[in-house]
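What you see is a predicted model, and the numbers here were worked out from it, not measured in a lab. Values reported hereafter were calculated over all heavy atoms of this structure, with side chains retained and with hydrogens, waters and symmetry mates removed.
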Amino acid sequence: MPLFKLRDGAELFYERLGSGPPLFLVPGLGGDSRWWGENVAELARRFTVIVHDHRGTGRSALSKITYSVGQMADDALQLIEGLGYDKVHWCGHSTGGAMGQVLAIEHPQRIDRLVLSATWAKTDAFFRRLFEVRSLMLRELGPLAYLKSSALALNMPSWVRDHDAELAAAEAKAQETIPVPEIVLSRIAAIVAHDRREQLQKVKAPTLALCARDDTVTPLYFTEELVRLIPGARAYLLPDGGHAYPNVHGGEFRRVMTSFLLES
């Protein structure tokens, strides 16, 4: 199992597949790179795809620290440097997109092209209230209730309808998926505190922002704001798919992103 040791001794699980330009494919709040599903193998046909489990999630160290988006981005930067890359393409979904904003602002020399998927520049009242409820579910009712409610927030209704057994199997492993609830709560606090709105004009990397129109976690207006604030950024909007649209419309997601990343 490939593990990368961070400066403080914690270990990140990572995988590297394929060949071609390096592409960091970074998941959202759940932090587990397996969320990307078949997208990893398909993108590895054209790119060297690097995925990792965020610290505190999946197969990485379950560090009981105070999490922040900046800390998550720094962990990823250490991995970029440790693997010997001067510059990488970055596709970050949701929390992964917040991390990408930090790197593109603070370490512009490291980011070649930037794909921001279903993400946001600054929390608003809707986002804060949504994650207050999700935090409350986890604290008061536990991991199973948290995962059940998350499935309804992240996915469009027809996907839930068609994947009931798959969701039930995942929920049966709730204690395994969330072994340390306090880590999830700290990570939620970290994303609610994310605010890079006033710095986005510093982003130099060519940027594509992707979102599904029916996303109820990071609504369309967040993507519209990113495109308005990042110089030269452009958007691609999918008609549906919910917050987890890359796993609903994987072919379209990969087609659009690949075309953008390989532009000359």
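No side-chain heavy atom of E42 sits under 4.5 Å from any side-chain heavy atom of F253. Between L6 and L12, the closest side-chain pair of non-hydrogen atoms falls below 4.5 Å. The side-chain heavy atoms of P157 and V160, taken from C-beta on, include no pair separated by under 4.5 Å. Between E252 and R255 the shortest side-chain heavy-atom distance falls below 4.5 Å. Between R59 and R34, some side-chain heavy-atom pair lies under the 4.5 Å cut-off. The shortest distance between side-chain heavy atoms of W36 and P27 falls below 4.5 Å. You'll find the side chain of L17 stays beyond 4.5 Å of the side chain of F47, heavy atoms only. A 4.5 Å side-chain heavy-atom check between F222 and D124 finds at least one atom pair inside the cut-off.
Q101 and H194 form a side-chain donor-acceptor contact under 3.5 Å, judged by distance and modelled atom types alone. Between the side chains of R187 and T95, no donor-acceptor pair is found at a separation under 3.5 Å. With hydrogens and angles left out, the side-chain atoms of H243 and S94 include a donor and acceptor closer than 3.5 Å. Residues Y245 and S117 bring a donor and an acceptor atom of their side chains to less than 3.5 Å of each other. T48 and R16 share no side-chain donor-acceptor pair at under 3.5 Å. A donor and an acceptor atom, one from each side chain of D32 and H54, are nowhere located under 3.5 Å apart.
Remark: E81 engages R110 in a salt bridge, criterion side-chain N to carboxylate O under 4.0 Å. For R197 and E225, the salt-bridge test passes: some basic side-chain N is under 4.0 Å from an acidic carboxylate O. Between K202 and E106, none of the side-chain N atoms (NZ, or NE/NH1/NH2) sits under 4.0 Å from a carboxylate O, so this pair counts as no salt bridge. A salt bridge is absent between K87 and D112: the closest approach of a Lys/Arg side-chain nitrogen to an acidic carboxylate oxygen does not fall below 4.0 angstrom. Using a 4.0 Å cut-off between a side-chain N of Lys or Arg and a carboxylate O of Asp or Glu, E166 and R161 do not qualify as a salt bridge.
Considering CD1 of I105 and NZ of K204, their distance stands at 11.0 Å, rounded to 0.5 Å. Within the model, atoms OG1 of T258 and CZ of R46 stand 6.5 Å from one another, a figure rounded to the nearest 0.5 Å. The distance from atom CG of L262 to atom CE of M257, rounded to the nearest 0.5 Å, is 10.0 Å. Rounded to the nearest 0.5 Å, atoms NZ (K64) and OG (S186) are 12.0 Å apart. Atom CG of residue L116 and atom SG of residue C91 lie 8.5 Å apart, to the nearest 0.5 angstrom. Atom CG of L261 sits about 13.5 Å away from atom CH2 of W90, to the nearest 0.5 Å.
Heavy atoms only, all atoms of each residue included: F260 and P206 are closest at CZ-O, 3.4 Å. Of all heavy-atom pairs spanning L3 and F13, the tightest one is CD2-CA, 3.7 Å. Annotation for G242 and M156: closest pair N-CB, 4.2 Å, computed over non-hydrogen atoms. Closest of all the heavy-atom pairs between I188 and S135 is CG2-OG, 3.3 Å. Of all heavy-atom pairs between A118 and D215, the closest is CB-OD2, 3.5 Å. A pairwise comparison of heavy atoms in C211 and L220 identifies SG-CA, 4.1 Å as the closest pair.
When hydrophobic clusters are built by joining Ile, Leu, Val, Met, Phe, Trp and Tyr residues whose side-chain heavy atoms come closer than 4.5 Å, directly or via intermediates, L114 is grouped together with V88. There is no path of hydrophobic side-chain contacts, each under 4.5 Å, that joins V203 to L210. Cluster membership for Y146 and V180, using ILVMFWY side-chain heavy atoms within less than 4.5 angstrom, is shared. Hydrophobic clustering (ILVMFWY, side-chain heavy atoms < 4.5 Å, transitive): L229 and I111 are in one cluster. Grouping the Ile, Leu, Val, Met, Phe, Trp and Tyr side chains by contacts below 4.5 angstrom, directly or via other members, places L141 with V133.
With hydrogens and angles ignored, the 3.5 Å screen pairs no side-chain donor or acceptor of E140 with any backbone N or O of M137. Side-chain N or O atoms of D214 include one that pairs as donor or acceptor with a backbone N or O of G241 at under 3.5 Å. A donor-acceptor contact shorter than 3.5 Å links the side chain of N247 to the backbone of W35.
Scored by the salt bridge (charged side-chain N to carboxylate O under 4.0 Å, His left out) test, K173 finds no partners at all (sequence neighbours excluded).
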Go through E132 and R128 one step at a time and tell me if the salt bridge (charged side-chain N to carboxylate O under 4.0 Å, His left out) criterion holds. CA-CA 6 Å; E132 284 176 350; R128 173 179 52 79; 3.2 Å; yes

Could you walk me through whether V217 and F131 pass the side-chain contact (heavy atoms from CB on, under 4.5 Å) test, one step at a time? CA-CA 9 Å; V217 175; F131 282 93; 4.1 Å; yes

Test E38 against R45 for salt bridge (charged side-chain N to carboxylate O under 4.0 Å, His left out), laying out the working first. CA-CA 12 Å; E38 67 179 11; R45 298 174 184 269; over 6 Å; no

Given side-chain contact (heavy atoms from CB on, under 4.5 Å), test V26 with M99 step by step and report yes or no. CA-CA 9 Å; V26 186; M99 294 160 63; 3.9 Å; yes

Test L154 against T216 for side-chain contact (heavy atoms from CB on, under 4.5 Å), laying out the working first. CA-CA 7 Å; L154 301 175; T216 57; over 6 Å; no

Evaluate the side-chain contact (heavy atoms from CB on, under 4.5 Å) criterion for residues T123 and D195: first the C-alpha distance (whole Å), next the side-chain angles of each, then the deciding distance (0.1 Å), finally the verdict. CA-CA 7 Å; T123 303; D195 177 5; over 6 Å; no

Apply the test side-chain hydrogen bond (donor to acceptor under 3.5 Å, both in side chains) to residues S149 and R134: give CA-CA distance (whole Å), side-chain angles for both, the deciding distance (0.1 Å), then the verdict. CA-CA 7 Å; S149 64; R134 293 182 70 183; 5.4 Å; no

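Classified by interplanar angle (parallel below 30°, tilted 30° to 60°, perpendicular above 60°), the ring pair Y14/F4 is perpendicular. Ring orientation note: the planes of W159 and H163 are close to parallel, at an angle under 30° on the 30°/60° scale.
Of the residues L23, L25, I50, the one that meets the side chain to side chain contact (heavy atoms under 4.5 Å, CB included) test with V40 is L25. Screening R7, R55, H107 for a side-chain hydrogen bond (donor to acceptor under 3.5 Å, both in side chains) with D74, the sole residue that qualifies is R7.
In the displayed structure, E198 atom CD is contacted under 6.0 Å by at most 12 heavy atoms of other residues, nucleotides or ligands.
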